Amino acid sequence: YYRWEQWLFKRLYEKGLIYKRLGTVNWDPVDETVLANEQVIDGRGWRSGALVEKREIPMYYMKITAYADELLASLDDLPDWPEQVRTMQKNWIGRSEGVEISFPYDEASIGKTGTLKVFTTRADTLMGATYVAVAAEHPLAEQAAANDPALAAFIEECKRGGVSEADMATMEKMGMATPLSVRHPLTDELLPVWVANYVLMGYGEGAVMAVPAHDERDFAFAHKYGLPVKMVVGSDRYADVAAPWQDAYAEHGTLVNSDKYDGLDFQGAVDAIAADLEAKQLGNKRVQYRLRDWGISRQRYWGCPIPMIRCDSCGDVPVPDEDLPVVLPENVEITGRGSPLAKMPEFYECACPSCGKPARRETDTMDTFVESSWYFLRYACPDADAMVDERANYWALVDQYIGGIEHAILHLLYSRFFTRAMRDCGLVDVSEPFTRLLTQGMVVADTYYREDEAGRKQWFNPAEVAVERDDKGRVTSARAPDGAAVVIGGTEKMSKSKNNGVDPQALIDRYGADTARFFIIFAAPPDQQLEWSDSGVEGAFRFLRRVWNFGHAYATQHRAQLAGGAPELPAALADVRREIHLNLKQANFDFARHQFNTVASATMKMLNALEKAPQGDAAAHAAVASEGFSILLRVLAPITPHLAHTLWTECGFAGKLLDAAWPEPDENALRQDEIELMVQVNGKLRGSIQVAADADQDTIEGIALASEAAQKFMDGKPPRKVVVVKGRLVNIVV
RNA sequence: GCCGGGGUGGUGAAACUGGUAAACACAGCAGACUUAAAAUCUGCCGGCGCAAGCCUUACGGGUUCAAGUCCCGUCCUCGGCACCA
């Protein structure tokens, strides 16, 4: 598998879809190792406790941004993905239109000539820019720090802490002035250059223009450091420009204080300013994505080795195809410090494939997300003597993909990208990996524990704990098998550590697979978490046993009464038949929207109706029972196939259940002569009336107004308005 | 902090397009059957109140004849935030 992953790496590298550049990582200076974001706790290494620092190291990147537009647009081609997943991906890709602006600098302002680039979606506020901020690693910051120990110390401080977006967003915003300035591209005014810890080198240009009046973050920063605030977007709130502002005005509006741009609206101002910048060659409109390229280099042992060789004369050279795979050595020594492969000369010492001189093999391995991005294609052709063969096309796309919501963005976006990258390498014809997506919930169960003197928790499995309840059924206490009390720990994800797991095999042994399936289906919709309950399982078993008993009673007694033809039904049996078809209609509707728990409810309601059907008229009862039970079995078949198929045969229904047509509700059975309508007075439910099903508006109004409930609560006042909702209710407003 | 979910009885949940809140179950309570137990069946089961009735879908506002559902704000909670995978 990883041989072909390396092979694809090379193809993507050749196509320019993989490249190398510096990336920022968490560095633990004590363990001398790169830490995952998860391993950085409050800015410190989880094991060493050392203050983590940001460090720039060379890494390989996959150019997922080359597909940003396609990945975004194609979300519309995935109607069978949950809306929330598509929304999250859309926001993650984050397409925004804006302007790239160059702030020129020269001998006078910085000591050399050049431009500082920033990107902004608010070019309309350019006339309100009062300073620019650069990342600590930005070349201008380093230049300024060269002769300024205080600034150098501040830059060191900025490098502390983790790199995760959550850390960046929640840390205190800090900055320090530099003696440098850049020129405003339109007014030529000098703007001070600040170094700020919230500007990241790896994001965008590593620099931002600051407009305190119209950006919350800039406002807070300017407020803290006494930087000028210049209002350029009009608002009633800020009619008094001199008043002390509480916050920024970030909405779009009409420009003021902006010379020739005064009076323009957002779009007009962006257009005019972009045009002027373009004329001066100091800016241009451009689309920016929030999506960043995917850094795949990991300084870990476990992983697919990156098939590259570093040669001092030739640069980065791919390992020749015939030398693949680059095999992960097994005699590795794991010390917990640094990358194990980087300490194994027998692994990294090699000859340059290009010039033959001694060279160094790449010791980084790939992010394991790379593996999970194409397995579904390889699984279609596991013995192929290529990355994939034509069988991948035959089986793609995956019809139904199931996974947790935690994969909504990363795994699912990487897989979508990978499928396209493989397509563009001529490996598959498809662009998307998964047709339908279901994000399932977790299985959770109650937890119980007891603490020893040392504070260690001993966890008890829910199956061995006896709970005590008050007379309302509320759980009051719980006891372990030894009779002593345990602490009720709440409902948590099933896990070994909390000892609250349930072995499905034990369940199947005891109740059978159908009961397990029925309970799981009935307990919660599939995308919601499933709360395990032993008594719930027993409830499912009781229901299925009732189905079984009804089937056998039907087979032995009722069926004998079946006369054939369609007998005239007494009212009570017509009601039963109506109940069956009503629930069938509901079940079909719920199947279509994938809400299976209410399908299970519908089968329970059907059985309840069948069991209560009066048996006085044997022939009519047999007809209703026969039709009703055949519907029940067919609706139940996808949930409890074994039970349904067996009963279908034992009851003597024609053919095999698998071949039977899916039942459709009979509209005639649903028809009613009289219906009940609720009567409300001033929106409050006060009673109900019986009306003919086809009664018109006036008739219904008349009956409602004359009803006892209405008369009582109208208090003799004339109706001001009467709202009739067909088939539902009448609301009388007085 | 940002993005996406969620918050309804003792519990799991249902309520489709704004129209009877709590369907269907679980637990509980009472009863029938039984010498007894299990199983099964029947009834009750959001809160307050003797009752009439009033209140109730996290909290506070709003729109509407009518809000669990729509709008604004707040709180809590879960998932993700690019090196957990």
Side-chain angles (χ1 to χ4, degrees), chain A residues 23 25-26 34-40 59 64 82-92 94 162-171 202 216-217 290-300 367-369 371-372 404-411 413-414 439 441-442 467 469-476 491 519 522-525 527-540 542-543 545-546 549 583 586 589-590 593 595 597-598 600-605 608 676-685 688 720-723 725-734:
Chain A
V25 294
N26 304 302
V34 174
L35 296 180
N37 286 334
E38 192 191 38
Q39 299 167 328
V40 178
M59 299 208 291
I64 189 171
E83 181 73 39
Q84 54 162 315
V85 173
R86 286 183 288 154
T87 303
M88 280 190 267
Q89 292 213 350
K90 187 175 173 224
N91 292 338
W92 184 262
V163 299
S164 78
E165 190 180 294
D167 286 346
M168 301 299 295
T170 50
M171 73 185 174
E216 291 294 346
R217 198 172 56 179
R290 206 186 79 91
L291 181 68
R292 306 197 305 262
D293 280 339
W294 175 16
I296 56 162
S297 295
R298 296 289 181 273
Q299 301 70 43
R300 298 188 204 284
D367 180 0
T368 53
F369 265 127
E371 277 86 69
S372 55
I405 188 68
E406 69 272 19
H407 294 301
I409 294 173
L410 294 182
H411 165 58
L413 193 61
Y414 291 149
T439 52
M442 291 183 299
V467 296
R469 296 166 186 278
D470 64 15
D471 59 5
K472 296 214 165 166
R474 283 179 288 232
V475 173
T476 51
T491 309
F519 166 71
F522 178 62
D527 57 353
Q528 236 171 83
Q529 68 175 29
L530 170 66
E531 190 162 316
W532 198 264
S533 146
D534 286 333
S535 49
V537 175
E538 277 163 37
R542 280 202 292 271
F543 168 68
R545 192 161 50 195
R546 275 168 59 207
N549 290 340
N583 280 297
Q586 184 70 47
F589 179 81
D590 289 339
R593 61 173 174 159
Q595 187 175 288
N597 56 328
T598 45
S601 299
T603 63
M604 289 173 147
K605 290 177 191 174
N608 288 347
E676 188 183 33
L677 294 183
M678 296 301 122
V679 176
Q680 295 183 334
V681 178
N682 287 339
K684 273 192 188 317
L685 183 67
S688 66
R720 202 153 54 93
K721 184 175 181 180
V722 179
V723 181
V725 183
K726 280 251 162 169
R728 295 238 177 228
L729 56 76
V730 183
N731 188 14
I732 300 162
V733 186
V734 298

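Below, each value reflects all heavy atoms present in this structure, side chains not excepted, and no hydrogens, waters or symmetry copies. The shown structure was predicted, so the numbers you read here are calculated from the model rather than taken from an experiment. Per chain, numbering begins at 1; letters A, B, ... match sequence-line order.
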Worksheet entry | Straight-line distance of A/N731 CG to A/L677 CG, nearest 0.5 Å | 12.5 Å

Have a look at [X] and say if it touches a base, only the backbone sugar-phosphate, or nothing, with a 4.0 Å heavy-atom cut-off.
X	answer
A/D590	nothing
A/R300	base
A/S297	base
A/F543	nothing
A/R290	base
A/Q39	nothing
A/E676	nothing
A/Q680	base
A/L291	base
A/R728	sugar-phosphate
A/T87	sugar-phosphate
A/V723	base
A/V34	base
A/A166	base

[atom1]-based separation of [M] from [N] [nearest Å]:
N	M	atom1	value
B/C59	B/G68	C1'	14 Å
B/C83	B/C76	C1'	31 Å
B/C81	B/C70	P	29 Å
B/U11	B/G1	P	30 Å
B/A21	B/U69	P	14 Å
B/C84	B/A38	C1'	50 Å
B/A36	B/A51	P	35 Å
B/A13	B/A22	C1'	9 Å

Discussion item. Can you work out whether A/R546 or A/S533 has the more 5'-proximal nearest nucleotide on RNA chain B?
Written reply: A/S533

Fill in: Along RNA chain B (nearest heavy atom to each residue), the more 5'-positioned of A/R593 and A/I405
A/R593

Discussion item. Tell me if the NZ atom of A/K90 is crowded by more than 12 foreign heavy atoms within 6.0 Å.
Written reply: no

Worksheet item: For atom CZ of A/R290, is the number of surrounding heavy atoms from other residues, nucleotides or ligands below 6.0 Å larger than 12?
Response: yes

Report the residues that fulfil salt bridge (charged side-chain N to carboxylate O under 4.0 Å, His left out) with [X], sequence neighbours left out, ordered by chain and then residue number.
X	answer
A/R217	none
A/E38	none
A/R593	A/D590

Discussion item. I'd like the 5' and 3' limits of the part of RNA chain B contacted by chain A, with heavy-atom contacts below 4.0 Å.
Written reply: B/G1 to B/A85

Worksheet item: In which stems does RNA chain B show up, taking only runs of three or more Watson-Crick or G-U wobble pairs whose two distances fall under 3.5 Å?
Response: B:1-7 with B:75-81, B:10-12 with B:24-26, B:28-32 with B:40-44, B:46-48 with B:53-55, B:58-62 with B:70-74

Response to the item:
In short, A/V163 meets A/M168 closest at the heavy-atom pair O-CG, 3.9 Å

Item to complete: Spell out, as yes or no, whether a donor-acceptor pair under 3.5 Å connects the side chain of A/D293 to the backbone of A/I64.
Response: yes

Item to complete: Return the orientation label for the A/F369 and A/H411 ring planes: parallel under 30°, perpendicular over 60°, tilted otherwise.
Response: parallel

Practice prompt. Using a 90° cut-off around 0 for syn, call B/G9 syn or anti.
Written response: syn

Worksheet item: Distance only, no hydrogens: is a donor on one side chain within 3.5 Å (strictly under) of an acceptor on the other, for A/R720 and A/N682?
Response: no

Practice prompt. Report the residues that fulfil ring pair (Phe, Tyr, Trp, His ring centres under 6.0 Å) with A/F543, sequence neighbours left out, ordered by chain and then residue number.
Written response: A/F518

